[in-house]
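Notes follow once the structure below has been shown.
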Amino acid sequence: MSEARDATRTPVSEVSPEPGGAEPEEAPAAEHGAESQGASGAERAQDPSSGTGEDGTAGEGPIVVSPSVYRRLTSGFPGFLMAILSCMVVVGFVLLVTPRRNPNAIPQVDFRSDLNGLVATAPFTVQAPQGLSPKWYPTSSNLTGRANGPVGWHLGYYTPGKQYAALEESDERPDGSDGFVARMTSQGTPDGSLQVAGATWDKTFRKDKNQRSLVRRLPGVTLVVTGTASYEELATLAGSLRPQPKPSPGKTEIHQ
């Protein structure tokens, strides 16, 4: 009887485990471990540098940039303003050193060689300008013709009135729809006549091209003074024409 009562007083903690059974864990230690795990998990959730969030996904850590990028990102408006000013300085320097075209620079030609060649070969007495103001700029000169055929000379000017005037001179057939006069005047309409230095010149006008012309027919040669210049300037060019004598053997100088 006493042995049975002693058996009933045996503490539960001293009961031996049954064969094959799991040993019971101490409750206080398990609770302490759970608390530790919860605290460390909360700390990781609140610390962005831990690399994971509450849901276990990777969190955003600090972004490392180079010193130059950092300076650009933190420079703000003063840095932007300095960059704009630097660009403006560079553009200004480029504009300063870039050569500019002078609108007043008129290209000029020396027509003396063409004139000498025409005088030497033409079967007629050549007429050429002499004594024009320096404000008349010769801009073009061209000889045309072929052996045993008509020859011609074109001499273009930029006038003091900032217009165009030209001397067209040839022994080509003057009249007809495809004749020299019709081509040089662009089929201009007759517009009366004009006395220039005692000689009569026929006037023509082509309105849509603003082209005025003075025409004079001489033995063996036709002269046309034409362009967008006024009749007054065309008359100045026509009045400057002088006959050019044939050069003597060994002498080819032509006076202008």
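- Legend: salt bridge (Lys or Arg N to Asp or Glu O under 4.0 Å) pairs involving residues 180-189, not counting sequence neighbours, sorted by first then second residue: Glu172-Arg183.
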Report task. Using the side chain to side chain contact (heavy atoms under 4.5 Å, CB included) rule, take Val91 and Phe93 through it: C-alpha gap first, then chi angles, then the decisive distance, then the call. Result -> CA-CA 5 Å; Val91 172; Phe93 177 76; over 6 Å; no
Report task. Verify side chain to side chain contact (heavy atoms under 4.5 Å, CB included) between Tyr231 and Phe205, making sure each step is shown before the conclusion. Result -> CA-CA 10 Å; Tyr231 281 125; Phe205 181 58; 3.7 Å; yes
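- Residue Gln187 comes nearest to Ser177 through the heavy atom pair NE2-O, 3.0 Å, listed as atom of the first residue, atom of the second, then distance.
- Under the 3.5 Å distance criterion, the side-chain polar atoms of Lys203 are left unmatched by any main-chain donor or acceptor of Ser213.
- Atom CG of Leu218 and atom CG of Leu223 lie 5.0 Å apart (nearest 0.5 Å).
- Within a 6.0 Å sphere centred on CG of Asp208, heavy atoms belonging to other residues, nucleotides or ligands number more than 12.
- For the salt bridge (Lys or Arg N to Asp or Glu O under 4.0 Å) condition, no pair includes a residue of residues 220-233, sequence neighbours left out.
- For the 3.5 Å distance criterion, the side chains of His154 and Ser140 qualify, holding a donor opposite an acceptor.
- A pairwise comparison of heavy atoms in Ser186 and Lys209 identifies OG-NZ, 3.8 Å as the closest pair.
- Smallest separation of non-hydrogen atoms from Thr159 and Ala165: CG2-CB, 3.7 Å.
- The backbone N or O of Gln130 sits nowhere less than 3.5 Å from a side-chain atom of Arg242 that would complete a donor-acceptor pair.
- The nearest pair of heavy atoms linking Ala166 to Tyr164 is CB-OH, 3.5 Å.
- Note: Leu132 CG to Leu241 CG = 8.5 Å, rounded to the nearest 0.5 Å.
- Residues satisfying the side-chain contact (heavy atoms from CB on, under 4.5 Å) test with Asp175, not counting sequence neighbours, are Arg217.
- Minimum heavy-atom separation, Pro123 to Asp171: CG-OD2, 3.4 Å.
- Counting only N and O atoms by type, the side chains of Thr222 and Glu169 include no donor and acceptor under 3.5 Å apart.
- Contact annotation: the side chain of Leu237 approaches that of Pro129 to within less than 4.5 Å [non-hydrogen atoms, C-beta and beyond].
- Summarising the hydrophobic clusters (Ile, Leu, Val, Met, Phe, Trp, Tyr; side-chain heavy atoms under 4.5 Å, direct or chained), the residues clustered with Val109 are none.
- Separation of atoms OG1 (Thr200) and CG (Leu214) is listed at 11.5 Å; rounding is to 0.5 Å.
- Its side chain within the 4.5 Å cluster rule, Met184 clusters with Phe180, Val181, Val215, Val224 among the Ile, Leu, Val, Met, Phe, Trp and Tyr residues.
- In terms of heavy atoms, Pro107 sits closest to Thr139 at O-CG2, 3.4 Å.
- Proximity of Ser170 to Phe124: side-chain heavy atoms (C-beta onward) are nowhere separated by under 4.5 Å.
- For Trp136, the ring pair (Phe, Tyr, Trp, His ring centres under 6.0 Å) partners are Tyr157, not counting sequence neighbours.
- We find the CG-CG distance between Leu234 and Leu167 to be 11.0 Å, quoted to the nearest 0.5 Å.
- Rounded to the nearest 0.5 Å, atoms CD (Gln163) and CG (Asn210) are 7.0 Å apart.
- A donor-acceptor pair shorter than 3.5 Å cannot be found between the side chains of Gln211 and Thr185.
- Rounding to the nearest 0.5 angstrom, the gap separating the CZ atom in Arg212 from the OG1 atom in Thr228 is 7.5 Å.
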